[in-house]
Asks: 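The structure's right below; bear with me while I get my questions together.
Here is the naming used below: chain letters follow the sequence lines, and residue numbers restart at 1 for every chain. Just so it is clear, the values below take in all heavy atoms, side chains as well, and ignore hydrogens, waters and symmetry mates.
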Protein chains: 2
Amino acid sequence: MIMTRVKVSFAPSIRRLPSYLIIIRQALQNGESYISGTVIAQELNLEPIQVRKDLAITGIIGKPKKGYPVAALVAAIEHFLGWDKVHKAVVVGAGNLGFALAGYREFKLHGLEVIATFDIDRDKLGAIVHGVPVLPLEDLSAFVRDNGVEVAILTVPGPVAQDAADRLVEGDIKAIWNFTDHKLDTPSGVVVHREDLSSGYALLSVMIRNQRGREA
Amino acid sequence: MIMTRVKVSFAPSIRRLPSYLIIIRQALQNGESYISGTVIAQELNLEPIQVRKDLAITGIIGKPKKGYPVAALVAAIEHFLGWDKVHKAVVVGAGNLGFALAGYREFKLHGLEVIATFDIDRDKLGAIVHGVPVLPLEDLSAFVRDNGVEVAILTVPGPVAQDAADRLVEGDIKAIWNFTDHKLDTPSGVVVHREDLSSGYALLSVMIRNQRGREA
C-alpha cells in the first residue's frame, strides 16, 4: 500500500487505531480468541462498517460470524503502527506539558521510551522527573546522536521552537512531535507532526453546540 | 445542517478548522480583505480542494479568483465552533497535564476560560497556578453549579475519573473533555469527548514508518 497523503486519506482511521488496540488487548487478556467488529463498534459508539474499514488498513480482514482473530489483530495493528519496536524519545521543554508527556504511561505500552528531558532553566537541571533526568539544552544534539534517539516531543515556547528543532536536526533526529504553535522549518527527511490541542476542543465545541451527547 | 455523527463524517474537517483560523486571523491582522483557499492550503500542506470542502461546513463559499472575505470567514468559523462566546471551564486534576491545560494560552483565544482547578491533594490546595486557584474536590459540584461552568477538563488518574465525572454531573456540567483512559458513564445530556494523546502518536508513527516527511 502506498500512502502519499496520510493526513487526508487515512488519518482519521489511524487516529482510531489506539482506541481499538485498548479494547482488543483487553479481549486478549480475557482469553478470547475472536472479537467481532460489532462489539468493538458498540464499545466506541461507532458504526460497524467504519470499524471494519479502519481495521482493513492494517491488512486484517475479519471472518463472517467469527470476527477477528484477537492475537493476530493486536499484532497487525502494532506492526502497522510500528509499535512492535521500541523508539527512544526525548522531551524538549521541561514545563508542565513536557513532564506530563514524559510520564504518560500509555506511551510505554506503544514502544515510546522517553529517556531524557531537556531545558534551558538552570534550576531544573539535574532533577529526575518520572524517572527521567532533566539535561541542558546545549547537550541536546550530541545526546540525540549518541543515544540513537528517534523521536523528539517538542513542548518549548513557540519563539524558541525553531532553535530547538535545529539542534534536533543537527543530532539527526528522525521525527519531531511538535506541541508548539510554531511551524517548523526542517529538512524533508525529518518527519514532523504538529499536535494541536485546539483540534480536540473544536470537536467538543461543535458537540456542545449540537447537544448531541456522548461520542466515544 | 443536521449532524448526527460528528465523529465519523465531519470530525477531520472540524479538527482542521483551528489551524485555518490561525492563518486567517493573521491575514486579518495584516489588513488583507480576501484570502484564497490555495494560500491556506500551501501554508498547511493540504490540497486546495480539501480546504474548500472543510471551509464549506461553516457555510462560507469563496469567490472565484478572489477567495474568501477574511473578516467574514473568521466570524463564520468562530460562530460554527461556538468560539464567539465565552465558555467557563474547570480543570479537574491538578497534575502536570492539568496545569499545562489550565495555562494553555490558545484556549483563551477560543473563548475557553479556565476559572479553577480541583484536586484532592491537600498540599496543592490554595495554590494559584496560571492565575487560577486550586480548590478541593469536595467543592466541585457546588462550584460548577454556582458559577455556571459549562466545560470540565478531566485529567485525574483513570481509577478516580468516574467519581470526578459524577461530581461534575451533579453540578449540571454541560461537557466533559476527558483526558483520562477511563470510559465515562454519564447521562445522555452531557457531551463527552475523550482526548487520546496516543492518536497523534499513531499518526506520527505511521509517518515514520513511511518516511514521508513533513505533514503540516
Asks: If you round to the nearest 0.5 Å, how far is OG of A/S198 from CD1 of B/I22?
Replies: 6.5 Å

Asks: Aromatic rings B/F107 and A/Y201: how do their planes relate, parallel, tilted or perpendicular, breaks at 30° and 60°?
Replies: tilted

Asks: Which atom names give the shortest non-hydrogen contact between B/S199 and A/R15, and what distance separates them?
Replies: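 Shortest heavy-atom separation between B/S199 and A/R15 comes out as OG-O, 2.8 Å.
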
Asks: Hey, which of B/G200, B/G98, B/A100 has the most heavy atom pairs under 4.5 Å with chain A?
Replies: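 Result: the option with the highest number of such pairs is B/G200.
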
Asks: So do A/V206 and B/L81 actually touch side chain to side chain, heavy atoms under 4.5 Å?
Replies: yes

Asks: Within a reach of under 6.0 Å around CG of A/L109, are more than 12 heavy atoms found that belong to other residues, nucleotides or ligands?
Replies: yes

Asks: Would you give the length of the straight line joining atom NZ of B/K174 to atom CG of A/L204, rounded to the nearest 0.5 angstrom?
Replies: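 One gets 11.5 Å once the value is rounded to the nearest 0.5 Å.
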
Asks: Measuring from atom NZ of A/K85 to atom OG of B/S205, what distance do you get when rounded to the nearest 0.5 angstrom?
Replies: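 Nearest 0.5 Å value for the NZ-OG distance: 11.0 Å.
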
Asks: Just so I understand: if I count every heavy-atom pair under 4.5 Å between each of A/R105, A/E150, A/E195 and chain B, which residue has the most?
Replies: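 Most pairs with chain B among the choices: A/E195.
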
Asks: Measure from NZ or CZ of A/R209 to the centre of the six-membered ring of B/F80, then state whether that distance is under 6.0 Å and the direction lies within 45° of the axis.
Replies: yes

Asks: Between A/M207 and B/V192, what is the shortest heavy-atom contact and its length?
Replies: CE-O, 3.3 Å

Asks: Looking at OG of A/S13 and CG of B/L203, how far apart are the two atoms once the value is rounded to the nearest 0.5 Å?
Replies: 10.0 Å

Asks: So, do B/E106 and A/L197 sit near enough that their side-chain heavy atoms are less than 4.5 Å apart?
Replies: no

Asks: Any idea which heavy atoms bring A/F99 and B/N96 closest together, and the distance?
Replies: CB-ND2, 3.4 Å

Asks: Quick check: are there more than 12 heavy atoms from other residues, nucleotides or ligands sitting under 6.0 Å from CD1 of A/I120?
Replies: no

Asks: With respect to chain B, which residue among A/L112, A/L21, A/V129, A/T155 yields the maximal number of heavy-atom pairs within a distance under 4.5 Å?
Replies: A/L112

Asks: Looking at every heavy atom in both B/A202 and A/P18, which two are closest together, and how far apart are they?
Replies: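 Distance-wise, the nearest heavy atoms are CB-CG, 3.7 Å.
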
Asks: Between A/K183 (side chain) and B/L44 (backbone), is there a donor-acceptor pair under 3.5 Å?
Replies: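 No.
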
Asks: Heavy-atom distance under 4.5 Å to chain A: side chain of B/L101, backbone, both or neither?
Replies: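 Only the side chain of B/L101 comes within 4.5 Å of chain A.
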
Asks: Does any backbone or side-chain atom of B/H130 lie under 4.5 Å from a heavy atom of chain A? Answer side chain, backbone, both or neither.
Replies: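 Only the side chain of B/H130 comes within 4.5 Å of chain A.
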
